[in-house]
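Beneath this line is the structure, given in structure tokens, with notes to follow.
All values below come from the heavy atoms of this structure, side chains included, with hydrogens, waters and symmetry mates left out. Chain naming here is simple, since letters A, B, ... match the order of the sequence lines and numbering starts at 1 in each.
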2 protein chains.
Amino acid sequence: MLSPANHNSSLLPDTHPCNGCDARDLAICGVLETDDLDTFRRLGCSIDLCDGQSLFHQGDAATRVFTVTLGMLKSFRILADGRRQVTGFHLPGDFVGTSVDQEHQFAVEAVGKSRVCAFPVNRFDGFIEEHQPMQRELYIAATRELVQAQQQMVLLGRKTAMERVASFLVLLSDRLGHGSVVELPMRRSDIADYLGLTKETVSRVVSELKRSRMIRLRAIERTEILDRTRLDSLAQGDG
Amino acid sequence: MLSPANHNSSLLPDTHPCNGCDARDLAICGVLETDDLDTFRRLGCSIDLCDGQSLFHQGDAATRVFTVTLGMLKSFRILADGRRQVTGFHLPGDFVGTSVDQEHQFAVEAVGKSRVCAFPVNRFDGFIEEHQPMQRELYIAATRELVQAQQQMVLLGRKTAMERVASFLVLLSDRLGHGSVVELPMRRSDIADYLGLTKETVSRVVSELKRSRMIRLRAIERTEILDRTRLDSLAQGDG
DNA sequence: CGTTCGATTGAGCTTTCTCAAGCACAGTGG
DNA sequence: CCACTGTGCTTGAGAAAGCTCAATCGAACG
């Protein structure tokens, strides 16, 4: 198993105060009756994570499934020499760790203070076995993620640095923007590793976007989109 | 809708001689009883495609689902200015066009002579609704594809040209290699658009791999892997 | 008020791309 | 049977986007 040197995350404690999940943050709540939802909640165990804390590493046994209930997580994969690719950011309602393999193919860590709800796989599988609508919901979630992953392939394979950053801002604005303000809780290096760039290039491009008045930085983690139209067309690759 | 100028594929005829599918090439045959499989076969309609012929374009209404029964298909997305990203190659047994959206997000074309089995979505959905094991099978297929897509993100975001080509050869060797010989029915430009490179770079890297005796070209579309170990470690990023 | 850690900016370098020419092979018609 | 032509592959030379390394900046915190 890989265990990169510059890895400051601590392992997840195996036992943890178990206080159930907040139903509102479970993605599947929409397809479950109140009783069933209650049953489902009780299968899980809430876990708090602080910034950079690891939920699991690549190669770990896939013994639990998670839903994000608070904050943000990132999943990534690391090559032998330390090169890292962030494959996604996960928000409340997202499933994490639903692998068909015995081992996790990717690592998952918290971005800022976060909370997840953990389900032992056997209990989780047992539950969805008995709840058809949830099976379908999981399938739809996987398919959506797949389309998202394919969009990301286009970005990584064919877009310029500026188009990548524009796409990223537009994506986050759609997922967690309040009006024209986008929260960026992750580090520049996380963005860089998500976009297949270096943190320096991300920094330079953000500066360029500021200079051309498409965005403004309220704070380092609070970006305001000033010209959504131009940012959109940049993101689409016809800017 | 995008319709790039240099696009020589012809549209799929709406009506076509319907002669059913070969059961052996349907991915799901493993989870269906003989009777059910027979029923399933009859829902579909076999379609032959010649090289470069389009199954559907991005933006087309998603009215049918397909399984590949012969040959190979590629799915891809094109940006406004013609830049193209191939997101995957599909072999017999693979599902294609199983979108949750009303419109296809990606285009699919044949690589060489190919054959698919087409199912109207409503009939397809109706069938899987009544066959639990198939739902599960579809979910597993989607999850596998997702992991594969994430691996591809690592490749596109963080690997060098040489590592990308090595990864590609290893991948294809695992999927359709006979011993150490890999069939490459697609064009160099398809490989390039899959790996986020130019066809010139792919050509140069292949030449370099030949020069360093890791591979040998029996014919242009028949590559023999001479040093699998070295190619593997290159592909993993620690060569 | 100093320290620390991440973000920014700069200068030079490397990898890959672009553009262009030449090559190989299959299909076609004289 | 062989030149002709078209298409895709290869190779080369110069250009460009983004990377690396290094210095500086700036906010948070003790």
Side-chain angles (χ1 to χ4, degrees), chain A residues 6-9 50-52 74 79 81-85 111-113 155-166 168 184-211 215-223 234 237 239, chain B residues 6-9 50-52 74 79 81-85 111-113 155-166 168 184-211 215-223 234 237 239:
Chain A
N6 55 350
H7 198 287
N8 61 352
S9 65
C50 57
D51 184 47
K74 59 174 186 251
L79 298 178
D81 62 356
R83 279 174 289 174
R84 190 180 71 147
Q85 178 67 37
V111 175
K113 278 194 171 300
L155 181 147
L156 292 169
R158 288 294 176 234
K159 289 186 182 174
T160 65
M162 179 133 299
E163 288 164 356
R164 292 181 200 203
V165 173
F168 180 71
L184 302 176
M186 67 292 284
R187 307 197 195 312
R188 288 284 187 270
S189 59
D190 290 332
I191 302 176
D193 287 346
Y194 181 60
L195 299 178
L197 301 169
T198 58
K199 57 190 192 305
E200 292 94 334
T201 299
V202 171
S203 213
R204 273 185 263 270
V205 169
V206 167
S207 299
E208 180 59 35
L209 287 172
K210 277 194 288 187
R211 231 171 290 131
I215 64 169
R216 180 165 57 150
L217 261 60
R218 300 236 169 175
I220 187 71
E221 74 290 342
R222 253 178 121 71
T223 300
L234 244 184
Chain B
N6 54 351
H7 198 289
N8 63 351
S9 65
C50 57
D51 184 47
K74 59 175 183 246
L79 297 177
D81 62 356
R83 278 174 290 175
R84 191 179 70 144
Q85 178 67 36
V111 176
K113 280 193 170 303
L155 182 148
L156 292 169
R158 289 292 176 236
K159 288 186 184 175
T160 66
M162 180 133 301
E163 288 164 356
R164 292 182 200 203
V165 173
F168 180 71
L184 302 175
M186 68 291 285
R187 303 193 196 317
R188 287 284 187 270
S189 59
D190 290 331
I191 301 176
D193 287 347
Y194 181 60
L195 299 178
L197 301 169
T198 58
K199 56 189 191 305
E200 292 93 335
T201 298
V202 171
S203 213
R204 273 186 263 270
V205 169
V206 168
S207 298
E208 180 58 34
L209 287 172
K210 275 193 289 188
R211 231 171 290 130
I215 63 169
R216 178 166 58 152
L217 262 60
R218 300 239 168 170
I220 188 72
E221 75 290 342
R222 253 177 123 69
T223 299
L234 245 183

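- The listed nucleotides are dT16(C), dG18(D), dG6(C); the one nearest the side chain of Ala161(A) is dG18(D).
- Side-chain atoms of Glu200(B) lie closest to dT11(D) of the nucleotides dG18(D), dT11(D), dT8(C).
- For dC19(D), one of the phosphate oxygens OP1 or OP2 lies less than 4.0 angstrom from a side-chain nitrogen or oxygen of Thr201(A).
- Separating the CG atom of Asp193(B) from the C1' atom of dG8(D) is a distance of 14 Å, rounded to the nearest angstrom.
- With hydrogens and angles ignored, no donor-acceptor pair under 3.5 angstrom links the side chain of Arg188(B) to the base of dT11(D).
- Rounded to whole angstrom, the span from the CZ atom of Arg211(A) across to the P atom of dT8(C) amounts to 11 Å.
- Checking the phosphate oxygens (OP1, OP2) of dT9(C), a side-chain nitrogen or oxygen of Ser207(A) falls inside 4.0 Å.
- Within 3.5 Å, no donor on the side chain of Arg164(A) pairs with an acceptor on the base of dG18(D), nor the reverse.
- Comparing dT8(C), dT10(D), dC17(C) against the side chain of Leu217(B) picks out dT10(D) as the nearest.
- The CD atom of Glu221(A) sits 17 Å away from the P atom of dG26(D) (whole-angstrom rounding).
- In this structure, CG of Asp190(B) is placed 16 Å from P of dT7(D), rounded to the nearest angstrom.
- Arg204(B) places its CZ atom 18 Å from the P atom of dT14(C), with the value rounded to the nearest Å.
- Contact of the Arg204(B) side chain with the Glu200(B) side chain is registered, since non-hydrogen atoms from C-beta on lie closer than 4.5 Å.
- Here the C1' atom of nucleotide dT20(D) and the NZ atom of Lys199(A) are 10 Å apart, to the nearest Å.
- Per the geometry, CD1 belonging to Ile191(A) stands 12 Å off C1' belonging to dG6(C), to the nearest Å.
- Smallest separation of non-hydrogen atoms from Leu156(B) and Gly157(A): CD2-CA, 4.1 Å.
- As a whole-Å value, the separation of Leu195(A) CG from dA17(D) C1' is 16 Å.
- For Arg187(A) and Asp51(A), the salt-bridge test passes: some basic side-chain N is under 4.0 Å from an acidic carboxylate O.
- Closest approach of Met186(A) to Ile191(A), counting heavy atoms only: CG-CG1, 3.6 Å.
- The phosphate of dC17(C) has OP1 or OP2 within less than 4.0 Å of a side-chain N or O from Thr198(B).
- You'll find that the side chain of Ser203(B) is closest to dC9(D), out of dC9(D), dA20(C), dG10(C).
- Arg84(B) has a carboxylate O that lies under 4.0 Å from a charged side-chain N of Asp190(B), or vice versa, which qualifies the two as a salt bridge.
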